[in-house]
Amino acid sequence: MKVPLLDLKAQHDPIQQELLEAIAQVIQSQAFILGPDVPKLEERIASYCRAQFGIGVSSGSDALLVSLMALDVGPGDEVITTPYSFFATAGAVSRLGAKPVFADIDPLSYNLDPGKVKHKITSRTKAIIPVHLYGQCADMAPILALAARHSLAVVEDAAQAIGAEYRDGRRSCSMGTMGCLSFFPSKNLGAFGDGGMVITNDPKLAERIRVLRAHGSKPKYYHKLIGGNFRLDTLQAAVLNVKLNYLDGWTKRRRGNADQYRLLLKKSGLLERAGVVLPEAMYAGTSAVNDHIYNQFVLRVPNRDGLREFLKQEGIGTEVYYPVPFHLQECFRSLGYKEGDFPEAERAAKQTVALPIYPELTQETQREVVEKIKEFCKV
Ligand SMILES: *Cc1c(COP(=O)(O)O)cnc(C)c1O
């Protein structure tokens with residue numbers, strides 16, 4: 001059996017003609033830099049997020065970087081975030097000379113625990129970056145309340161959560177000061193390369209980011225700010241304008257696959273007899289349910305590494321997001337953290353594994369994946 005973690009060919013084959021036509025149109029127009037597909041996509045994605053402004057940028061990482069630049073984050077500033085995310089979340093803070101300050105995660109959602117954030121706020125704190133990990137919004141209400149009380153900016157890292165709804169119905173990227181999206185090919189809306197977007201409801205910040213993404217130049221060759229080259233390619237925007245039409249359908253199928261896994265895993269006996277833990281679309285201690293978009297379907301399992309090796313032998317792709325929390329990364333040694341500082345993040349890094357959940361995955365294949373997990377766990 002061959003089951004990849006992600007199968008983009010299955011996603012692109014049925015719409016190949018449309019994609020090729022969109023690409024051909026850009027070639028015909030020769031408008032490779034900030035051509036009409038870019039503002040079109042910006043408007044459509046902002047509206048998809050139920051927010052006002054979108055600024056297309058070169059990647060999710062650059063979306064985070066330019067958002068923090070727009071807030072003037074720099075040396076002497078602290079930014080509070082999770083220790084359990086993709087590197088870019090904390091990397092953006094350090095690249096600007098500011099200090100990432102970590103707060104532990106909630107064990108159910110794997111997202112920043114607002115109760116832990118509270119204790120990390122100092123007079124130097126400038127912003128909070130909640131990450132909507134795996135496709136589920138972080139618990140924004142208490143985070144936004146804390147931020148308001150201390151006049152802090154909130155930058156949502158929604159790279160894995162385009163369209164995900166928080167328990168009150170608001171969409172990712174529409175709640176904080178800014179929201180950051182990634183169009184890396186493995187995200188729910190993926191380009192044919194790198195791309196990203198900053199979303200905001202603040203017209204001044206939107207304008208500042210627009211200027212910063214082109215070396216701070218406005219008018220051309222006059223620089224009030226020092227920006228960078230953070231532009232989204234027209235070619236990527238053209239591809240994304242086609243793919244956006246299918247996003248809701250793909251998300252629906254990801255949710256269907258998640259439901260199916262849940263059913264199969266509950267029936268399998270793996271939860272009671274092997275200690276497998278399902279992902280939850282809620283936070284510890286609450287019952288309000290979030291609208292999860294399942295960029296990843298992540299289980300906790302005992303002997304995670306053994307299971308991964310076994311599934312690999314069987315041709316089943318899995319991944320670990322992420323094996324080393326930020327506070328234990330070599331490059332952050334100077335921050336002075338040690339093992340044991342964030343027990344929930346450390347536990348998650350040791351116990352979790354992501355199964356294939358892509359939209360085109362069939363129920364039959366999901367059954368086979370669960371059978372193989374049963375075989376390994378001798379259940
Ligand atoms: C993918 C990702 C990013 C970075 O996006 P790129 O487009 O790859 O630069 C940032 N944060 C999180 C949580 C991500 O998953």
Side-chain angles (χ1 to χ4, degrees), residues 5-6 8 41 45 49 54-69 79-96 100 102-103 105-106 109-112 127-138 140 143 154-164 172-173 176 178-199 209 213 228-233 235-237 239-240 243 254 279 292-298 319-326 329 331-332 345 348-349 352 354 357-358:
L5 181 67
L6 176 66
L8 287 173
L41 183 75
I45 301 261
C49 295
I55 305 98
V57 294
S58 30
S59 68
S61 303
D62 285 342
L64 288 162
L65 188 69
V66 79
S67 293
L68 297 177
M69 286 170 78
V79 177
I80 301 172
T81 192
T82 168
Y84 188 61
S85 175
F86 177 64
F87 183 75
T89 312
V93 177
S94 292
R95 282 184 63 189
L96 294 173
F102 304 123
I105 57 167
D106 164 82
S109 65
Y110 304 103
N111 282 327
L112 198 52
I128 305 172
I129 310 180
V131 178
H132 306 319
L133 203 68
Y134 305 147
Q136 168 172 215
C137 286
M140 291 300 286
I143 291 171
V154 175
V155 178
E156 297 175 57
D157 181 341
Q160 300 182 9
I162 186 167
S172 75
C173 291
M178 281 170 277
C180 298
L181 294 169
S182 164
F183 305 125
F184 186 80
S186 68
K187 313 293 184 183
N188 285 25
L189 180 63
F192 286 176
D194 284 304
M197 196 170 285
V198 181
I199 302 291
I209 292 165
R213 93 171 151 187
N229 178 352
F230 300 130
R231 290 179 298 250
L232 175 68
D233 289 338
L235 273 171
Q236 300 301 349
V239 165
L240 291 164
K243 291 186 70 175
R254 281 176 184 271
H292 203 309
I293 62 154
Y294 293 101
N295 178 244
Q296 302 297 342
F297 186 87
V298 174
E319 189 52 274
V320 172
Y321 303 106
Y322 298 88
V324 184
F326 294 154
Q329 292 287 356
C331 66
F332 289 137
T352 58
I357 185 77
Y358 59 87

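Whatever order the structure lists them in is the order used to number ligands and atoms, beginning at 1.
- Between the OG atom in S182 and the CG atom in N188 there is a gap of 10.5 Å [rounded to 0.5 Å].
- Remark: ligand 1 and D157 share an N or O pair separated by less than 3.5 Å (distance only, no angle test).
- Not a single heavy atom of G196 sits closer than 4.0 Å to an atom of ligand 1.
- When only non-hydrogen protein atoms are considered, atom 9 (O) of ligand 1 lies nearest to S61 OG, 2.5 Å.
- Taking any N or O of Q160, backbone or side chain, at least one lies under 3.5 Å from an N or O belonging to ligand 1.
- If you look at S59 next to ligand 1, the close heavy atoms, those under 4.0 Å, come from the backbone and the side chain alike.
- Between F332 and F87, the ring-plane angle classifies as parallel under the 30° and 60° cut-offs.
- For L64, no nitrogen or oxygen atom sits less than 3.5 Å from a nitrogen or oxygen atom of ligand 1, counting backbone and side chain alike.
- The backbone N or O of L133 lies less than 3.5 Å from a partner atom in the side chain of N111, making a donor-acceptor pair.
- A ring pair (Phe, Tyr, Trp, His ring centres under 6.0 Å) with Y110 is found for exactly one of Y134, Y322, Y321, namely Y134.
- The contact set between ligand 1 and V131, taken as ligand atoms under 4.0 Å from a residue heavy atom, comprises 13 (C).
- I209 contributes atom CD1, which lies 12.5 Å from atom CG of D62 (distance to the nearest 0.5 angstrom).
- Shortest contact from atom 3 (C) of ligand 1 to any protein heavy atom: F86 CD2, 3.5 Å.
- Remark: the backbone N or O of A159 is not paired with any side-chain donor or acceptor of K187 at under 3.5 angstrom.
- Note that CG of L65 and CZ of F230 are 4.5 Å apart. Values are rounded to the nearest 0.5 Å.
- Residue S85 has at least one heavy-atom neighbour below 4.0 Å for each of these atoms of ligand 1: 13 (C).
- Ligand 1 has an N or O atom lying under 3.5 Å from an N or O atom of K187, backbone or side chain.
- Between H292 and Y294, the ring-plane angle classifies as parallel under the 30° and 60° cut-offs.
- Scanning the protein heavy atoms around atom 5 (O) of ligand 1, the nearest turns out to be S182 OG, 3.3 Å.
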